[in-house]
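Each chain gets a letter, A, B and so on, in the order the sequences are listed, and its residues count up from 1. It should be emphasised that the depicted structure is a prediction, and the values quoted were computed from it without experimental measurement.
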There are 2 protein chains.
Amino acid sequence: MTLFADSGTARFSINQETVKQLPLPDLARACAELGVGGVGLWRAPVQEYGVEATARLMADEGLTVTSLCRGGFLTAADPEERGRALDDNRAAVDEAAGIGTDTLVMVSGGLPPGDRDLHGARERVADALAELAPYAAERGVRLAIEPLHPMFASDRCVVSTLGQALDLAERFPAEQVGVVVDTYHLWWDDRAPAGIARAGEGGRIAAFQVADWCTPLPAGVLLGRGQLGDGSVDFRAWRKLVDEAGYTGWTEVEIFNEALWARDGREALAETAERFRAHVL
Amino acid sequence: MTLFADSGTARFSINQETVKQLPLPDLARACAELGVGGVGLWRAPVQEYGVEATARLMADEGLTVTSLCRGGFLTAADPEERGRALDDNRAAVDEAAGIGTDTLVMVSGGLPPGDRDLHGARERVADALAELAPYAAERGVRLAIEPLHPMFASDRCVVSTLGQALDLAERFPAEQVGVVVDTYHLWWDDRAPAGIARAGEGGRIAAFQVADWCTPLPAGVLLGRGQLGDGSVDFRAWRKLVDEAGYTGWTEVEIFNEALWARDGREALAETAERFRAHVL
């Protein structure tokens, strides 16, 4: 079964975490068989499988690695902790280069324990980017700042809006630092459309990710991302915005959802591809 | 025990829902004994106790009713449902006037089932405000639009930022429609400080509410509001912003938290007042 006759046109990429029950070789095989041309990978399974082995596997199955998730967590105020975070991010850059993707997704990090200064934490992210961006650029990797939904501001990502992400990214050359447009995180924001236009003009859209917004949110909220079509997001409207902003890259479906993980991985992947066709294309 | 020697200076108001285990007369008595001068009330317990009886109780204990929660839920597209919502909001205005408060907090409502058009829903809120605001003003009541955290955008309130609330409020005279500044909903937003200044210049700050941001969020997220000092909010910074914007009204503590509700109500109220002194004053 091939879902996309022309996978290049469909620009559909599956983020690995969406079907994390599939081991890497099974995922690669399933993608090839279904006509899915792109995959977004995560560091832990890539490290487990091996960076070089992953690169070979992707090449053998004819897959494009659309991004590596993720670097970031750069908000520590403690110098030692900050040094460890920078080292870890350089390793993430090396891994991205090793598996042949030009995009490292950056989740900035939350507030350190007891810290209530969001602005200060965002400035520490900027300082860290200044150290990391040239290192990444030398290896052909662009840092892609992902604004996360404001409900993650304290414990996961102090960058909550596309505007904030662009304010950070624009301190650096566009080929070094871009932004991630993710419908799950931005769908509520009436300023995001203008932000997408601004990002497009500056050549800053490094990735476009989609997931649906569903309620009620589960405890801890991290695993609330919904299957395409199950929630409140008007995907075609968002796709049109990134298209009009000049984005020609992949659309990566990234869903963290226990119900999806509990199912057969190939079946979940096929459903996701069908939903993409029905709601995004 | 009197916690505030000069309750007028402290401007501390307890929102009834924070200690909802206390029946209205017990709450009024406890406030009077602790030196708490203001209370924010909710429609259901006021209706149960009676509007006139509530007004007498508040007067007898020397309490100011700082707001009534809540009107709103004005996003229905169906004409009949919309008509019922408008009727219910006129009743809420009458109750606010009846208990002697000039502030009716408005929670706009979420998306109707299957609807994905946030902008359209916000416009229906504006249309409804145009019908309700003159009615309320004739009765000495101002509608106070409360932006709720973006995590409530689909199911509770399509107005997610102070900027959006002001865009709505400013279509009407300032004495008819204001906004609520609530730290729980706005703390993540780097544009909120400018919004507070804008609201102050226009005389639009109808209420200032405080609760802390704590994670992990519980399932459904509604009851995640934290006791002052337990989370990530820098209350003094926000209080300074509203002070500098010229706000001279009450600060209402509004926390929905099952751990707080499980405790003795007077003890929970006393702790909240102490936390207010420690973190907000």
Which of B:S232, B:G224, B:S160, B:G163 touches chain A most, by non-hydrogen pairs under 4.5 Å: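 That would be B:S232.
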Where along residues 196-215 of chain A does a heavy atom come under 4.5 Å of chain B, listed by residue number?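 Residues in range: A:W213, A:T215.
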Counting only non-hydrogen atoms closer than 4.5 Å, does [X] touch chain A with its backbone (N, CA, C, O), its side chain (CB onward), both, or neither?
X	result
B:S154	both
B:V233	backbone
B:P218	backbone
B:L217	both

Has A:R116 got more than 12 heavy atoms of other residues, nucleotides or ligands less than 6.0 Å from its CZ?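 Yes.
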Using every non-hydrogen atom in the two residues, find where A:P216 and B:G220 come nearest and quote the distance to one decimal.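 In terms of heavy atoms, the two residues are closest at CB-CA, 4.3 Å.
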Search all heavy atoms of B:R122 against all heavy atoms of A:D190 and return the closest pair with its distance.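 Minimum heavy-atom separation between B:R122 and A:D190: NH1-CB, 3.7 Å.
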Go through A:H149 and B:H149 one step at a time and tell me if the side-chain contact (heavy atoms from CB on, under 4.5 Å) criterion holds. CA-CA 10 Å; A:H149 193 284; B:H149 193 283; 4.1 Å; yes
Are there residues of residues 179-188 of chain B whose heavy atoms fall under 4.5 Å of chain A's heavy atoms? If so, which?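 Those residues of residues 179-188 of chain B which have a heavy atom under 4.5 Å from chain A are B:W187, B:W188.
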Residue among A:A237, A:G114, A:G231, A:G110 with most heavy-atom pairs under 4.5 Å to chain B: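 Looking at each of A:A237, A:G114, A:G231, A:G110 in turn, A:G231 comes out on top.
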